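Following: one structure in structure tokens, then a few remarks.
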Number of protein chains: 4
Amino acid sequence: MSEIGHNSDGAVQGDQIKSFIERIERLEEEKRETATDIKEVYAEAKSNGYDVKILRKIVARRRRDADEVAEEEAIFDLYLQSIGMLD
Amino acid sequence: MSEIGHNSDGAVQGDQIKSFIERIERLEEEKRETATDIKEVYAEAKSNGYDVKILRKIVARRRRDADEVAEEEAIFDLYLQSIGMLD
Amino acid sequence: MSEIGHNSDGAVQGDQIKSFIERIERLEEEKRETATDIKEVYAEAKSNGYDVKILRKIVARRRRDADEVAEEEAIFDLYLQSIGMLD
Amino acid sequence: MSEIGHNSDGAVQGDQIKSFIERIERLEEEKRETATDIKEVYAEAKSNGYDVKILRKIVARRRRDADEVAEEEAIFDLYLQSIGMLD
DNA sequence: GCGCATTGATGGCTGC
DNA sequence: GCAGCCATCAATGCGC
């Protein structure tokens, strides 16, 4: 006995899309705030005499290393799959 | 009575840079997670029959509108300042 | 004794932008063709019994390694600069 | 009188995959160079007073238009085929 | 048809 | 302060 204009969770259709948009906007706001926080940490490091550019390089480097490990695992799994050792 | 090799919060210099890097990495991780959350909301919207591309356009549009409002307020404040109504 | 509406290489202004666009379009076409060539090599490798997905991983991996070397040099130069050994 | 471990063009198996990879890498290098050329043309256009962003839009627009033409021709051919006018 | 990989576009940061 | 550079993000295209 469903009611036209309402979906399973009780929200009317117009509200559902509104809800999605608001959730996204809330998350985007959160992301922006985190980005701001990061900038502030760099600024603080700079005021402590550290070279921001180098700091960025270090962080980027470590991130790539971490990605590399994940990538290694992915390619390793691929090899295993290709010889039928992984399914 | 400060001690060479230690900064005000008690951490040795080597630890200080380490601390900055770790704070940044923690925040970057947080940012990535939020980005993932956003993607998931879009995916959920899609599975509810919404067109993701259009949804993105709506969100982007609203973001631009919000920016314009902020911009207008900033300009408005500038006017107020220029006539000495805001300090 | 320059002539209005003509630039140094003798083309009228309207033709100049046309010329830029055509050069770009020619280059883009070239790029597309090269991309097609790459695809064909992968297809050929596949028909020789190689796993394309793994092949792609290998190529990507080698590319990243090469990038890594360049990046190493860049960060090394940065360090040198930061201690005034490079100007 | 073929020899095991060698394929038709005389290369041993290990060399064959190496050959594929090198061909791909050579082509990728070519592609990167063309991409660089494109950037340079944009830069040149910019130094001639053109707005790169707008220029990009024009090129993209024309690319899309060309695609549509190709698409229409393809559909047109399909129609011709369906009525037996093209085989 | 979907997910992934690439590519194009935009915005922010850094260095003149 | 702006221009060039880089990093991120959206969009398209491709292969499965």
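Note on naming: letters A, B, ... go to the chains in the order of the sequence lines (proteins, then strands), and numbering restarts at 1 for each one. What you see is a predicted model; the values in this text were computed from it and never measured.
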Could you check how far CD of C:Glu71 sits from C1' of F:dA7, rounded to whole Å? 12 Å
Strictly below 4.0 Å, N to O, side chains only: are C:Lys31 and D:Glu30 in salt-bridge contact? no
To the nearest Å, give me how far apart CD1 (C:Ile38) and P (E:dA5) are. 16 Å
So, are C:Arg23 and D:Glu44 salt-bridged, with charged N and O less than 4.0 Å apart? yes
Approximate separation, where rounding is to 0.5 Å, of B:Ile75 CD1 and B:Ser82 OG: 12.0 Å
Rounded distance (Å) that lies between atom P of E:dA5 and atom CD1 of C:Ile54: 14 Å
In terms of side-chain geometry, is the basic nitrogen of B:Arg26 or B:Glu29 positioned less than 4.0 Å from the acidic oxygen of its partner? no
Whole-Å distance between F:dC5 P and D:Glu40 CD? 11 Å
What is the separation between atom CG on A:Leu78 and atom C1' on E:dA5, rounded to the nearest whole Å? 14 Å
Atom CG of C:Leu55 and atom CG of A:Leu78: how far apart are they, to the nearest 0.5 Å? 11.5 Å
Can you build the contact string for nucleotides 9-16 of chain F? Use B for base contact, S for sugar-phosphate-only contact, and - for no protein heavy atom under 4.0 Å. SSSSSSSS
Please identify each residue that fulfils side-chain contact (heavy atoms from CB on, under 4.5 Å) with A:Asp65, with sequence neighbours left out. A:Arg61, C:Glu68
